[in-house]
Amino acid sequence: MKYRGDIDGLRAIAVLVVIAFHAEITTFAGGFIGVDVFFVISGYLITTLLTQEMQQQRFSFANFYKRRISRLLPALAITLFVVLCLGFVFYHNYGFNHLGKQTFFSALGAANLFFAAGDDYFASGVANQPLIHLWSLGVEEQFYVVWPVVLLLVYRFKPRWLMATTVVLLLASLIASELAAQQQTPASYFLPHYRAFELLIGALTAMLLQRYDPQVIANGVRSLLGALGLVFIIVPIITLDKHSVFPGVNALLPCIGTALLIAFPSDSLLNKFLSHKLMVVVGLISYPLYLYHQPMISFLHLSTIELAPWTLFALVTLVTGTLAWLTYQYIETPIRRMTSRGSVMKKRVTVTGLVMTLPVFAVLGFGVAKTDGFPQRFEWLNPYAATIDGAHKMPFHQQFSEGWQVDTPPQGKILFVGDSVMQQYVEPMALALGYEKSQIELVTRGMCVLLKGADYADQIASISCDDLRDKLYSLDTHYEHVVISQAWQGYDDDVKNYSPNATNLFDRWQSLLSNTVKHFQQMSEQVIVVGMHPIIEGTGGIRSRMLITPERYQEQLKMLKFAHPERLEQGRDFFHQFSNLANVNVIHPEDIFCQETCVFSGEQWSYFGDSVHISTAAIPFVERRFQALLTSAGPSEELQ
């Protein structure tokens, strides 16, 4: 297959717009389509190679996968090794546990399947996940398993059906993708059958180019078609964003644009630009550059270093670009030479060694996840960090479970309804009201809107938010108290039926919360609405990690403060209206922590394990404050 520098130039564009997207440059809000450009290029190159080898009767699965292994595994192994090492040093147990799961699935070529179970690629915390970008590698690896088999079977029995089979599969995948994308769930974004049409567009391009010679078309026409292809790529980069329905039909434009640029090379300025030495170099290192950039962005966020988006883009591109070039020059290229030109023994040893990295990292990731973040590392190397981790644990998960925790028939005296922000109040509020654990019932799940009538685009597959909501509002029982709360500042457009014409963050909840409160007034003696919970700035500096010291921890405690004090005032104004309703009490969490002054920690430990959840160390303090607040009609006098 003849080398084309312009295709490497296309790769350069793809990787740079993805980095710009992850750096949160608003101009590149649709930069995630760079991955779709990669998919089309991969489909084209793989299909060209496979069909040529089949026509020449020299195709072999062993040679195909040997090439894939030598191409993909060196940089992947480096990425997983570095990320695990950094996670070992800088992550607390919960974060390292999650990283272990990501490593396990990534090593098995199934990162996309892991993220499809509940991680939203566009969620605000995506930058803190160093391996989330490996979902695309999972899609490609799964394509490499299935597509050669399909091609070989069709070629052996009905070679003239190759193009028709590709078109049918492409259309089937596109239709399935569009239907799934309308639901805007993680599965619709990550699963391979919803992405296959993008790779198949590249495959179809390869087949067409083998049948028709684009050189018979005038250079001017080819130049025009190539320019149109670039426009098709640029437009979605500018017009799409994290709220767009994607992939589905919206992914067609960049995919078709990529296909046009591949299919119609010319002598135009555009092709000279794509074939420029600098663009080609970036394209050649685009794979390790893609793998390395996200971990660097992730750990920069973890360090709480504040960088402007363009500065972050420039720094990450420069540093990881240099590392990617070194990887390409001194690791990838020698390994590829060895697996293609070395002796039989060298080839076998090299390929076997590369393949063995996968079970090694899978076992390491599994071990980290199975031990809940390998807490022994702190116990052995920094016992103080282990103590921090215990003090910062979210109290709910030590005594309760998510989901439908209602007896059959219901026997509890207090019902808690809400997401993880509500969960943190279960223990201290139950203690303040004098309830035992056996008297508590729960309908709760993190990242779940349980207000009556909410139309919510769920992002987690483990426990259905819709199912919980349906069961909750068909519940026929009576409680002494029903407690309602959630992350009122969250969810953005994931809720499809906010109050119309809402002018601020809280007014959008008006109709849903009113309906919910009205419903529970009929089935309880008192409804307690917990309002806007404070978001705390500075918690990144107090997380348990290998290098933290008591002195550093105490210094960072002094840095804690409210991140958005104006929201607390807006929330107080909004929720106050519900305190005038019969049998309804409104608690403002700000009042728990602020009396004459605001208190964010005790003498030793923070009252917040992260920016939105209270810690185990806060329970006695929060319980006392709840007792004061719950016995008053509104905020107690001592808080004024």
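Note that this is a predicted model, so its numbers are computed, not measured.
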message: Under a 4.0 Å threshold between the charged nitrogen and the carboxylate oxygen, would R71 count as salt-bridged to E140?
response: no
K101 side, atom NZ; F366 side, atom CZ - distance, nearest 0.5 Å: 11.0 Å
query: Within a strict 4.5 Å, meaning less than it, do heavy atoms of the T103 and V368 side chains meet?
result: no
- request: Classify the ring geometry between F88 and F374 as parallel (under 30°), tilted (30 to 60°) or perpendicular (over 60°).
  value: tilted
Minimum heavy-atom distance between Q556 and G541, given as atom pair plus value: CG-O, 3.3 Å
- request: Measure across A203 and T47 and return the closest heavy-atom pair with its distance rounded to 0.1 Å.
  value: CB-OG1, 3.1 Å
query: Sub-3.5 Å donor-acceptor pair from the side chain of E198 to the main-chain atoms of C255, do we have one?
result: no
- prompt: Does any N or O in the side chain of K242 come within less than 3.5 Å of the main-chain N or O of A29, such that one atom is a donor and the other an acceptor?
  reply: no
task: State whether the side chain of S173 and the backbone N or O of L170 hold a donor-acceptor pair below 3.5 Å, judged by distance alone.
output: no
query: What's the shortest heavy-atom distance between L289 and G321, and which atoms?
result: CD1-N, 3.6 Å
- request: With the side chain counted from C-beta on, respond yes when L137 and E141 share a heavy-atom pair under 4.5 Å apart, and no when they do not.
  value: yes
No-hydrogen, no-angle side-chain donor-acceptor test under 3.5 Å, T258 and Y44: no
Steps toward ring pair (Phe, Tyr, Trp, His ring centres under 6.0 Å) verdict (F115, F105): CA-CA 9 Å; F115 293 119; F105 282 92; 8.9 Å; no
task: Report the distance from atom CG of L291 to atom OG1 of T320, rounding to the nearest 0.5 Å.
output: 10.5 Å
- prompt: Should the ring pair Y189 and F246 be called parallel, tilted or perpendicular, given that the plane angle runs from 0 to 90° and is split at 30 and 60?
  reply: tilted
message: Within the structure provided, determine whether P254 and I237 are in side-chain contact (heavy-atom separation under 4.5 Å).
response: no
- prompt: Is there a side-chain contact between V351 and S70, using heavy atoms and a 4.5 Å cut-off?
  reply: no
message: For S136 and Y290: C-alpha separation, side-chain torsions, deciding distance, then whether side-chain hydrogen bond (donor to acceptor under 3.5 Å, both in side chains) applies.
response: CA-CA 10 Å; S136 62; Y290 178 77; 2.9 Å; yes
task: For T352 and V349, indicate whether the former's side chain and the latter's backbone hold a donor-acceptor pair under 3.5 Å.
output: no
field: Heavy-atom side-chain proximity of P295 to T79 below 4.5 angstrom
entry: yes
Full working for side chain to side chain contact (heavy atoms under 4.5 Å, CB included) between L49 and R67: CA-CA 11 Å; L49 184 67; R67 289 193 298 266; 3.3 Å; yes
message: Would L364 and L80 count as a side chain to side chain contact (heavy atoms under 4.5 Å, CB included) here? Give the steps.
response: CA-CA 10 Å; L364 288 173; L80 296 179; over 6 Å; no
message: Checking the side chain of E178 only, and the main-chain atoms of V249 only, is there a donor and an acceptor separated by less than 3.5 Å?
response: yes
task: Before giving the answer on side chain to side chain contact (heavy atoms under 4.5 Å, CB included), spell out for I262 and L209 the whole-Å C-alpha distance, their side-chain angles and the decisive distance to 0.1 Å.
output: CA-CA 9 Å; I262 292 172; L209 287 178; 4.3 Å; yes
- prompt: Do the side chains of L307 and L315 get nearer than 4.5 Å, heavy atoms only?
  reply: yes
message: Can a donor-acceptor pair be found, under 3.5 Å and without considering hydrogens, that links the side chain of D458 to the backbone of C465?
response: yes
task: I would like to know whether V139 and F143 meet side chain to side chain contact (heavy atoms under 4.5 Å, CB included); could you show each step before the answer?
output: CA-CA 6 Å; V139 170; F143 181 77; 5.5 Å; no
message: More than 12 heavy atoms of other residues, nucleotides or ligands under 6.0 Å from NZ of K277: yes or no?
response: no
- request: Could you tell me the separation between the CD1 atom of I13 and the CG atom of L274, rounded to the nearest 0.5 Å?
  value: 5.0 Å
field: Quiz item: cation-pi between R545 and F90, 6.0 Å / 45°
entry: no
task: Just do the side-chain hydrogen bond (donor to acceptor under 3.5 Å, both in side chains) check on H613 and S420 with the steps written out, would you?
output: CA-CA 8 Å; H613 299 107; S420 66; 2.9 Å; yes
query: Looking at D610 and R543, does any basic side-chain N land under 4.0 Å from a carboxylate oxygen?
result: no
field: Approximate separation, where rounding is to 0.5 Å, of S42 OG and W147 CH2
entry: 14.0 Å
message: I need the H92 NE2 to I542 CD1 distance, nearest 0.5 Å.
response: 10.5 Å
query: What heavy-atom pair brings A362 and L108 nearest, and what distance separates the two atoms?
result: CB-CD2, 4.1 Å
- request: For Y65, look at atom OH and say whether over 12 heavy atoms of other residues, nucleotides or ligands are found less than 6.0 Å away.
  value: yes
- prompt: Taking it one step at a time, do W325 and Y328 satisfy ring pair (Phe, Tyr, Trp, His ring centres under 6.0 Å)?
  reply: CA-CA 5 Å; W325 182 83; Y328 174 79; 8.4 Å; no
message: Could you check whether atom NE2 of H193 has more than 12 heavy atoms from other residues, nucleotides or ligands sitting under 6.0 Å from it?
response: yes
Which residues share a side-chain hydrogen bond (donor to acceptor under 3.5 Å, both in side chains) with Q142, sequence neighbours left out: N112
- request: Find out whether V495 and D455 are in side-chain contact, i.e. whether some heavy atom of one side chain is under 4.5 Å from a heavy atom of the other.
  value: no
Neighbour count >12 (heavy atoms, 6.0 Å) for atom OH, Y94: no
message: Main chain of T185, side chain of S188: is a donor-acceptor contact present, judged purely on distance under 3.5 Å?
response: yes
message: Just verifying a value: how many Å separate L204 CG and T165 OG1, rounded to the nearest 0.5 Å?
response: 11.5 Å
- prompt: Nearest heavy-atom pair of S106 and L76: which atoms, and what distance?
  reply: O-CD2, 4.4 Å
query: With a cut-off of 6.0 Å (strictly less than), are more than 12 heavy atoms of other residues, nucleotides or ligands near CE of M546?
result: yes
task: Return the set of residues passing side-chain contact (heavy atoms from CB on, under 4.5 Å) with Y3 (not counting sequence neighbours), or none when no residue passes.
output: D8, V280, L284
- prompt: Once the angle between the rings of H133 and H293 is folded into 0 to 90°, is it parallel (under 30°), tilted (30 to 60°) or perpendicular (over 60°)?
  reply: perpendicular
message: Is there a side-chain hydrogen bond (donor to acceptor under 3.5 Å, both in side chains) between Q294 and Q129? Walk through the geometry before answering.
response: CA-CA 8 Å; Q294 178 60 19; Q129 300 193 57; over 6 Å; no
- prompt: Is the gap between the ring centers of F28 and F21 under 6.0 Å?
  reply: no
- prompt: Stepwise, does the side-chain hydrogen bond (donor to acceptor under 3.5 Å, both in side chains) test hold for Y91 with S544?
  reply: CA-CA 7 Å; Y91 272 19; S544 56; over 6 Å; no
- request: Answer yes or no: is there a donor N or O on one side and an acceptor on the other, between the side chain of S275 and the main chain of K272, under 3.5 Å?
  value: no
- prompt: Looking only at heavy atoms, what is the nearest atom pair of L261 and G229, with distance?
  reply: CD1-C, 4.1 Å
message: Check the orientation of F114 and H98. Use parallel for under 30°, tilted for 30 to 60°, and perpendicular for over 60°.
response: tilted
task: May I ask you to test the F197-S177 pair for a side-chain heavy-atom distance under 4.5 Å?
output: yes
